[in-house]
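Everything below concerns the one structure shown next.
Below, each value reflects all heavy atoms present in this structure, side chains not excepted, and no hydrogens, waters or symmetry copies.
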Amino acid sequence: MKTLPIELNAFPFYTREKSNEKQLKNRCGRDFIYYALCYYHPDTFGNAGITPIEIDRRKLFGFPVPSWLAWTQIQFYKIASFLRKNELKLSINNINVNSFFDFLNCTLFSRSTFEHAIQKIEKGISSGTAMGIDIKVGAGGLLDHVMFVYGYDEENLYVFDTVKAPLDYTRITTDNRMYMKLAKEEVKRRWTRFGRVWEIRRV
């Protein structure tokens, strides 16, 4: 098993916040980026630093919207400039995100095969880069879910999540941390033309 150099017992696993006793929907992109920030800048983000709630409150990535407006993507309006200030860059399916227009273009029109996606993720993990896998959870791929990839082996990806998604994956730990084993076959089964690999790297 190959993994990122993360100390699991120190990593700030996050459980998605609730509203009216229900966990908020459509925050997986924010949560993936948050985990990447915790990985690269652990003194600024995480247990003793900026949390996802603080990210939304301060509008650090963009303008938070109700779940039914998540399709507008304006919650990521400032993501390129925010990451740049933190000496990081996002790419989706090998297309660099330098602006909000780039972000929209990547999420709507970029394409990758399942095989290339797995190769890209494994190469990124092996080089210590924060990677995310984005696969369908409904509506033929229009409803998707992105997760932070911690590691891989021959048959599985090992991911960090913040909410239990409608996927066939299993929890690794016996506590409430969403450290999950996701079979590559499950990724393949859910891969569509909207499937994406998110990458956040140092610049």
With clusters defined by side-chain heavy atoms of hydrophobic residues (ILVMFWY) lying less than 4.5 Å apart, directly or transitively, does L167 cluster with V163? no
Minimum side-chain heavy-atom gap Y40-N86 below 4.5 Å: no
Heavy-atom neighbours of K59 NZ exceed 12 at 6.0 Å: no
Could you give me the CA-CA distance, side-chain angles and deciding distance for F194 and L143, then say whether side-chain contact (heavy atoms from CB on, under 4.5 Å) is met? CA-CA 9 Å; F194 299 108; L143 295 178; over 6 Å; no
How far apart are the closest heavy atoms of N96 and S91, and which atoms are they? OD1-CB, 3.7 Å
Under 4.0 Å between a Lys/Arg side-chain N and an Asp/Glu carboxylate O for E186 and K181? no
Could you walk me through whether L157 and I118 pass the side-chain contact (heavy atoms from CB on, under 4.5 Å) check? CA-CA 9 Å; L157 299 180; I118 294 298; 4.3 Å; yes
For D134 against W191, the heavy-atom pair lying closest together: O-CZ3, 3.9 Å
Interatomic distance, CG@N94 vs OG@S110, rounded to 0.5 Å, equals 9.0 Å
Note: K2-D153 ion pair, threshold 4.0 Å (strictly below): no
State whether E54 and R57 are salt-bridged, where the test is any N-O pair (Lys NZ or Arg NE/NH1/NH2 against Asp/Glu carboxylate O) under 4.0 Å. yes
Quick check for you: to the nearest 0.5 Å, what is the distance between L88 atom CG and R201 atom CZ? 10.0 Å
Quick check against the 3.5 Å criterion: does K184 have a side-chain atom that pairs as donor or acceptor with the backbone of E154? yes
Are R189 and F114 packed together at the side-chain level, in the sense that at least one heavy-atom pair is separated by less than 4.5 angstrom? no
State, to 0.1 Å, how close L4 and T129 come at their nearest heavy-atom pair, and which atoms those are. CD2-O, 3.5 Å
Going only through I, L, V, M, F, W and Y residues with side-chain contacts under 4.5 Å, is there a path from M1 to V149? yes
Apply side-chain contact (heavy atoms from CB on, under 4.5 Å) to I53 and Y14, showing your working. CA-CA 11 Å; I53 292 175; Y14 180 72; 3.4 Å; yes
Could you tell me whether R30 and E17 make a salt bridge, using a distance below 4.0 angstrom between a side-chain N and a carboxylate O? yes
I'd like to know if the side chain of D102 and the backbone of N98 have a donor-acceptor N/O pair within less than 3.5 Å. yes
Rounded to the nearest 0.5 angstrom, the NZ-OG1 distance for K188 and T113 is 10.5 Å
Tightest non-hydrogen contact, residues A36 and A130, listed as CB-CB, 3.9 Å
How far does CD1 of I55 sit from CG of L37, to the nearest 0.5 angstrom? 6.0 Å
Would you call R190-D144 a salt bridge at under 4.0 Å N-O? no
Validation row, ring centre Y152 to ring centre Y158 under 6.0 Å: no
What orientation do F148 and F32 show, parallel under 30°, tilted 30 to 60°, or perpendicular over 60°? tilted
I want to check something: taking the side chain as every heavy atom from C-beta on, are I74 and V65 in contact at a cut-off of under 4.5 Å? yes
Heavy-atom pair of closest approach, residues S99 and A80: N-CB, 3.7 Å
What orientation do F63 and Y77 show, parallel under 30°, tilted 30 to 60°, or perpendicular over 60°? tilted
Quick one: are W198 and N93 in side-chain contact, heavy atoms under 4.5 Å? no
Quick check: F45 with Y34 (ring centres under 6.0 Å apart)? no
According to a 4.5 Å side-chain heavy-atom criterion applied to Ile, Leu, Val, Met, Phe, Trp and Tyr, with indirect links allowed, do Y179 and M131 form part of one hydrophobic cluster? yes
In terms of heavy-atom contacts, I33 and L83 come closest through CG2-CD2, 4.2 Å
Taking the inter-plane angle between the rings of F13 and Y35 on a 0 to 90° scale, is it parallel (under 30°), tilted (30 to 60°) or perpendicular (over 60°)? perpendicular
Is there side-chain contact between M147 and I135, with at least one heavy-atom pair below 4.5 Å? yes
Are I172 and F11 joined in one hydrophobic group, where the rule is that I, L, V, M, F, W and Y side chains link up if heavy atoms are under 4.5 Å apart? yes
Do C28 and R16 have side chains that get closer than 4.5 Å, going by heavy atoms? yes
Could you tell me the separation between the CD1 atom of I79 and the CZ atom of F61, rounded to the nearest 0.5 Å? 4.5 Å
side-chain hydrogen bond (donor to acceptor under 3.5 Å, both in side chains) partner of D161, chosen from H145, R171, R177: H145
Cationic N near anionic O, under 4.0 Å, D56 to R27: yes
Find the distance between OG1 (T173) and CE (M178) and round it off to the nearest 0.5 Å. 9.0 Å
Would you check if L24 and K18 make a side-chain contact, meaning some heavy-atom pair closer than 4.5 Å? no
Are R202 and E87 close enough that some pair of their side-chain heavy atoms sits under 4.5 Å apart? no
Given Y39 and I6, is the side-chain contact (heavy atoms from CB on, under 4.5 Å) satisfied, shown in steps? CA-CA 7 Å; Y39 171 57; I6 290 175; 3.6 Å; yes
Please tell me whether V146 and I95 are part of a single hydrophobic cluster in this structure, the criterion being side-chain heavy atoms less than 4.5 Å apart. no
Would F76 and F100 count as a close aromatic pair, with their ring centres under 6.0 Å? no
Scan K120, K89, K123 and name whichever one has a side-chain hydrogen bond (donor to acceptor under 3.5 Å, both in side chains) with E199. K120
